[in-house]
Amino acid sequence: MSRVCFQLQVREERIAEYTQRHASVWPQMLEAIKDSGRRNYSLFLRPDGLLIGYYEVDDDAAAQRALDADPRTADWEAQMSDFFVSLAGRPDQNAQQLTEVFNLDDQLAGVDL
């Protein structure tokens with residue numbers, strides 16, 4: 001299993017709308033994300049528009065391909081791309097991924113307590 005964390009910047013003038021849109025994501029989009037293999041998916045938004053996303057997946061490249069090929073995602077991703085600063089293409093594929101440097105469960109598994 002892989003843990004994936006990514007960063008995007010929501011346009012300041014669109015933060016309220018972005019938050020509202022994510023309060024009720026289209027059911028077909030939710031299903032497409034689930035069907036791609038992503039799970040435990042969360043988005044965190046700072047008041048200045050910094051967006052941090054996190055999900056777990058067995059094969060991130062396969063999940064990316066599945067979402068790219070899924071007709072249920074194209075319209076949502078096209079609409080979402082307008083919310084972000086300095087982003088070319090689909091947000092689900094062009095976000096800057098962050099490197100994990102610590103995980104409590106991983107370290108606890110290697111320590112005798």
Side-chain angles (χ1 to χ4, degrees):
M1 182 212 42
S2 296
R3 294 179 289 263
V4 178
C5 184
F6 60 90
Q7 172 184 326
L8 291 163
Q9 182 67 41
V10 177
R11 295 179 188 282
E12 209 168 322
E13 69 276 9
R14 309 266 330 252
I15 292 172
E17 183 184 359
Y18 183 84
T19 301
Q20 179 186 21
R21 296 280 297 272
H22 281 81
S24 185
V25 173
W26 303 340
Q28 65 269 25
M29 187 64 195
L30 298 173
E31 187 176 41
I33 293 169
K34 180 180 168 229
D35 291 349
S36 78
R38 289 182 179 179
R39 58 193 176 275
N40 197 21
Y41 194 157
S42 296
L43 296 173
F44 302 88
L45 183 61
R46 207 165 65 179
D48 66 357
L50 176 68
L51 180 79
I52 301 296
Y54 172 85
Y55 60 88
E56 297 166 354
V57 65
D58 293 323
D59 183 340
D60 194 36
Q64 290 281 13
R65 287 190 303 273
L67 288 167
D68 187 42
D70 193 320
R72 296 173 293 183
T73 68
D75 191 34
W76 177 270
E77 293 299 337
Q79 290 183 34
M80 289 299 107
S81 66
D82 292 339
F83 283 90
F84 301 105
V85 175
S86 301
L87 182 68
R90 291 172 56 128
D92 65 330
Q93 296 179 0
N94 294 302
Q96 177 184 354
Q97 288 196 3
L98 305 176
T99 302
E100 182 177 30
V101 296
F102 170 81
N103 180 274
L104 177 63
D105 290 339
D106 288 350
Q107 290 202 19
L108 284 173
V111 176
D112 290 327
L113 296 178

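The structure presented is a predicted model; accordingly, all values stated were derived computationally and were not measured.
- Two different hydrophobic clusters hold L98 and V57 under the rule that ILVMFWY side chains link at heavy-atom gaps under 4.5 Å.
- Here I33 contributes atom CD1 and Y41 contributes atom OH; the two are 5.5 Å apart, rounded to the nearest 0.5 Å.
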(request) Begin with the C-alpha distance, continue with both residues' side-chain angles, and end with the deciding distance and a verdict on side chain to side chain contact (heavy atoms under 4.5 Å, CB included) for L50 and L45. (result) CA-CA 6 Å; L50 176 68; L45 183 61; over 6 Å; no
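- Between F44 and Y54, the gap from one ring centroid to the other reaches at least 6.0 Å.
- In this structure, a donor-acceptor pair under 3.5 Å is present between the side chains of Q79 and D75.
- For the pair D58 and R39, the salt-bridge criterion is met [side-chain N within less than 4.0 Å of a carboxylate O].
- In this structure, the separation between CD1 on I52 and OG on S42 is 12.5 Å, given to the nearest 0.5 Å.
- Side chain of R11 to backbone of V85: no donor-acceptor contact under 3.5 angstrom is found.
- Put simply, V25 and Y18 are part of the same group of oily side chains (I, L, V, M, F, W, Y) that touch within less than 4.5 Å, one to the next.
- One finds the OG atom of S36 at 8.5 Å from the CD atom of Q64 (value rounded to the nearest 0.5 Å).
- With hydrophobic clusters built from ILVMFWY side chains whose heavy atoms lie under 4.5 angstrom apart, L30 shares a cluster with M80.
- Minimum heavy-atom separation, D105 to N103: N-OD1, 3.1 Å.
- Atom CD of Q20 sits in a sparse spot, with 12 or fewer heavy atoms from other residues, nucleotides or ligands closer than 6.0 Å.
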(request) Please test L51 against F84 for side chain to side chain contact (heavy atoms under 4.5 Å, CB included), starting from the C-alpha separation and ending with a verdict. (result) CA-CA 10 Å; L51 180 79; F84 301 105; 3.9 Å; yes
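- A distance of 5.0 Å separates CD of Q107 from CZ of F102, quoted to the nearest 0.5 Å.
- A single hydrophobic cluster is not seen to contain both V4 and V101; linkage of ILVMFWY side chains at heavy-atom distances under 4.5 Å, directly or through other members, places them apart.
- Salt bridge E31/K34: absent, no basic N to carboxylate O contact under 4.0 Å.
- Taking each heavy atom of G53 and L43 in turn, the nearest pair found is CA-CD2, 3.8 Å.
- In terms of modelled atom types and a separation under 3.5 Å, the side chain of T73 and the main chain of L67 share a donor-acceptor contact.
- No more than 12 heavy atoms of other residues, nucleotides or ligands sit less than 6.0 Å from atom CD of E12.
- In terms of heavy atoms, G49 sits closest to Q9 at C-NE2, 3.2 Å.
- Residue P47 comes nearest to I15 through the heavy atom pair O-CD1, 3.3 Å, listed as atom of the first residue, atom of the second, then distance.
- Ionic pairing of R3 and E100 is present here: one or more N-O contacts between side-chain nitrogen and carboxylate oxygen are shorter than 4.0 angstrom.
- Taking OG of S2 as the reference point, atom CD of Q97 lies at 9.5 Å (rounded to 0.5 Å).
- A perpendicular orientation is assigned to the rings of W76 and H22, their planes being inclined by more than 60° (bins at 30° and 60°).
- Figure legend: cation-pi geometry between R72 and W26 absent, as NZ or CZ is not positioned both under 6.0 Å from the six-membered ring centre and within 45° of its axis.
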